[in-house]
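Below, read A as the first sequence line, B as the second, and so on, with proteins coming before strands; counting in each chain starts at 1. Computed from a prediction, not measured in an experiment: that's the story for all the values here. What you see below is based on every heavy atom in this structure, not just the backbone, and it leaves out hydrogens, waters and symmetry mates.
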Amino acid sequence: MNSDTIRTAALAIGGSLLLAGLLFAANGENPFEAFKLLFEGSVGSRAKLSNTLLVWVPLTLAAASLVVTFSAGLWNIGVEGQIIVGAIGATWAAREVGGPSFVVITAAIVVAIIAGSLWALLAGVLKVYGGVNEIFGGLGLDFVATGMATYLIIGPWQRAGVASTSGTDLLRDEAWLPKIGDENISWVSLALTVAAVIGVFLLMRGTSFGLKLKAVGSNVHSATRLGIPANRYMLIAFGLGGALAGLAGSAQVLGFHHKLVPASSGGFGFLGILVVLLAAYRASLIAPIAFFFAAITVGTTFLELRLGLDSAVGGVLQGLLVLFVLLAGGWQRKRRTEAASALAPTPSAVAGEG
Amino acid sequence: MLELLDIHKHYGSLRANDGVTIAVERGSIHGILGENGAGKSTLMKVLAGFITADSGEIRLDGESLPTGSTKRSLESGVGLLHQDPLHCMPFSVLDNFMLGRPESFILDHSTAQAELNRLSDEFGFSLDPDVPVRTLTIGERQQLEIVRLLSLGIRVLILDEPTTAISAEQRTSLFATLRTLAGQGMIVLFVSHKLEEVDEICDRVSVLRLGRLVGEAELPVPTERLVEMMFGEMIVQSPRVTAEPGEPVIDLESISLHDRLVTLDDISVKVHTAEVVGLAGLEGSGQQTLLRVAAGLLSPARGSVRIGGETLTGRGYRRHLDAGVHYLPADRLGEGLVEGLTVKEHFALAGIEPQGFLLDWERASSEATARIEEFSVKGTVDSTPESLSGGNQQRLLLAMMPEKISLLVMEHPTRGLDIESAELVWTRLLARRSDRTAILFASADLDELLRYSDRIVVFFAGRILAVLDATETDSEAIGYLIGGKERV
């Protein structure tokens with residue numbers, strides 16, 4: 001981490017805290033009191049920490065997935081849909097596979113990983129062979145995935161008697177992830193998430209695969225000249241990213257909702273983009289940043305309870321933070337380019353600047 | 001009268017314009033002649049306000065012109081016609097004509113159309129106001145741009161290599177237009193590196209070389225004087241190194257293909273082991289296209305590519321790579337090196353000492369250290385290529401070359417490098433040649449072509465104009481051929 005990164009981070013965090021504080025003050029609340037409550041509400045007790053970790057798991061997995069695809073230069077907006085398809089896969093396996101808990105859970109996780117991976121590969125194939133920009137392909141597939149989940153919930157997998165968009169019936173006990181004591185969080189999802197983050201970190205840092213992926217992402221022409229099959233690497237990145245998103249989907253189904261709900265992804269695919277932007281695409285930073293975001297998400301619900309502030313303030317806080325980071329980064333880049341005398345671009349000739 | 005006074009424009013250590021002073025009378029067509037990279041385009045962009053000069057002044061009829069704003073340059077009467085005018089392609093001819101005109105908020109189509117028709121008629125253009133611009137040829141788009149600039153009341157018209165992509169007929173029409181405009185008192189600046197065109201259309205010419213004004217002349221003038229000014233005196237040659245050529249390494253036979261603005265027409269070239277073949281020609285004459293065919297980056301529409309006796313036509317870059325073809329691009333950062341990755345990471349990628357799935361950073365680091373020392377790359381194993389100078393980038397690319405190469409394909413191997421760096425690069429390349437590697441390269445530097453090639457193939461307009469033995473020719477002869485003229 002160089003001094004520029006630290007300055008950017010300090011600027012961003014300071015700026016967003018200041019604005020958030022003003023926001024609290026404008027609502028007639030003492031900002032310091034609000035921040036204290038935010039802290040207490042997210043990590044103040046075992047139960048609260050457990051809730052924060054429940055958010056941390058899918059958010060971190062989504063961010064890990066995005067680190068892989070972003071490294072390959074792919075704006076994989078389809079994570080949201082990949083989480084949902086993973087959740088569908090996990091639900092399917094949990095409904096279909098019998099036997100002891102260990103077997104059911106393993107099957108559900110494996111199916112979710114495969115389902116998420118294939119869904120992402122679809123966006124990859126559309127991009128590599130169909131020339132469809134992965135942003136639009138991914139976004140389109142997000143909607144298809146949501147539609148599929150809703151169809152299953154009110155159709156083939158509807159609750160006995162009533163078809164309701166509130167979700168399917170609860171899964172059998174064997175498909176529930178084992179919990180830590182009385183808390184909601186499971187050591188299985190925690191362990192898998194930690195393993196995924198470490199895996200992505202090592203993949204990007206210590207393997208020739210990760211290096212080639214980064215080369216493809218930074219400059220696909222040069223990478224190709226170096227003999228790297230760029231298309232293949234992009235597809236693998238999609239597949240790997242989708243696998244991590246699918247894992248997040250299984251954690252949502254097996255460890256949180258215990259059923260399939262229409263919005264099983266909970267927006268973590270999109271929030272994950274903010275985490276990765278804040279982490280500057282570095283795997284080493286996503287776990288702490290995702291934790292910070294999860295704490296804000298959970299803490300603001302407490303804020304609502306105690307101060308009557310709408311919990312949407314959490315989204316505002318997270319958004320401010322990212323905007324400030326992008327602003328600080330952009331501003332520093334601009335200063336650097338102005339300092340270095342770059343080659344003049346050739347502007348459009350049509351109307352001049354007018 | 002237009003005066004460019006002591007224009008300086010530097011990009012880092014590169015002096016694109018180094019104190020250029022030129023004066024042009026009203027009603028004359030003035031040629032700006034020079035090789036690629038001589039500083040012509042920079043000078044014209046300064047004049048038209050696209051870039052700001054570091055120092056210097058521009059005066060039109062004694063009045064100082066604003067700099068650094070295309071809008072204000074246009075308002076002051078200076079208009080630049082691009083080689084390939086940038087229009088809004090889906091818009092109609094009339095809409096494009098009206099863009100940039102001082103229209104009121106509510107558009108007055110009829111007045112604009114009358115103006116467009118009047119100007120078109122005056123110069124004998126047939127521009128249909130209602131068709132979309134994308135249906136026009138480049139020549140017609142130039143006509144549209146000329147009438148658009150004229151309707152803005154320009155007094156200086158700059159044409160940057162206007163004849164590159166238009167037909168002979170359109171060229172005749174363009175030249176007639178320019179003469180008419182000059183007759184009306186317009187100052188026309190005609191930028192070109194084509195000797196015969198400058199000879200044909202211009203009243204006077206200024207020749208640039210390496211950012212400096214090296215000569216001016218009233219036309220007509222004997223062509224050899226222009227060639228001499230453009231390319232300079234020959235530097236005394238160091239003794240040539242020769243090797244006995246062996247078997248053919250690459251056999252390009254009857255290659256024809258159309259790529260972007262270049263059409264290759266029935267090109268055949270063979271390169272043998274330990275032979276160096278240089279491709280000469282103006283930018284866009286086909287030599288770069290042929291190099292890309294040789295590297296497998298482009299597939300010929302007709303003809304065959306044989307490497308080491310094996311037919312590889314259309315088999316792609318990676319197949320060529322496997323056959324021992326190595327390609328060094330002119331755009332080192334764009335298609336050779338990866339911005340953001342360190343030197344060490346580049347060596348791990350290049351796989352000279354192949355790495356397994358798990359990277360051994362210590363080994364990559366020591367390999368990189370040894371290699372960059374051997375190739376005198378000024379930087380560390382943790383430097384990123386964008387922080388290196390052009391010469392160091394090129395040496396890094398050379399250091400990344402695999403051990404066994406049968407054919408080395410290079411575009412402008414020493415472009416942008418100072419003499420010392422260029423020497424070093426060629427020492428390395430010739431060392432490869434003594435290992436029986438064949439070399440096929442294109443260069444705009446005639447001296448480089450003469451010094452290092454065994455044979456020189458001269459391209460003109462997508463065809464091979466001549467194949468010369470480098471020991472039996474000189475820069476003057478090649479200079480003529482590059483411009484499409486035989487020496488008389």
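In this structure, chain A has a heavy atom under 4.5 Å from the side chain of L297(B), while its backbone stays farther away. Heavy atoms of F357(B) lying under 4.5 Å from chain A belong to its backbone as well as its side chain. With a threshold of 4.5 angstrom between heavy atoms, L341(B) approaches chain A through side-chain atoms but not through N, CA, C or O.
No more than 12 heavy atoms of other residues, nucleotides or ligands shown are found within 6.0 angstrom of CZ on R232(A). Around the NE2 atom of H8(B), the shell of radius 6.0 Å holds more than 12 heavy atoms that belong to other residues, nucleotides or ligands. The local environment of OH in Y317(B) is crowded, with over 12 non-hydrogen atoms from other residues, nucleotides or ligands closer than 6.0 Å. Shown here is F209(A), whose CZ atom has more than 12 heavy atoms of other residues, nucleotides or ligands within 6.0 Å.
Remark: the backbone N or O of L388(B) is paired with a side-chain donor or acceptor of Q393(B) at under 3.5 angstrom. Checking side-chain atoms of E386(B) against main-chain N and O of G340(B) turns up a donor-acceptor pair under 3.5 Å. A side-chain donor-acceptor contact under 3.5 Å links T193(A) to the backbone of S189(A).
K40(B) NZ to D160(B) CG: the interatomic distance, rounded to the nearest 0.5 Å, is 8.0 Å.
The closest side-chain donor-acceptor pair between T70(B) and S73(B), if any, does not fall under 3.5 angstrom.
Ranked by non-hydrogen atom pairs under 4.5 Å with chain A, the options E339(B), M400(B), E75(B), R318(B) are led by R318(B). With respect to chain A, the highest number of heavy-atom pairs below 4.5 Å among S41(B), G336(B), G79(B) belongs to G336(B). Interface check for chain B: of the options N219(A), L203(A), V220(A), L226(A), the most heavy-atom pairs under 4.5 Å are formed by N219(A).
Of all heavy-atom pairs between V78(B) and L65(B), the closest is CG2-CD1, 3.6 Å.
A salt bridge between E145(B) and R141(B) is absent, with no side-chain N of the basic residue lying under 4.0 Å from a carboxylate O of the acidic one. A salt bridge links E335(B) to R292(B): one of the charged nitrogens lies within less than 4.0 Å of a carboxylate oxygen.
Within residues 66-78 of chain A, no residue has any heavy atom closer than 4.5 Å to a heavy atom of chain B. The interface of residues 342-350 of chain B with chain A, defined by heavy-atom distances below 4.5 Å, comprises E345(B), A348(B), L349(B), A350(B).
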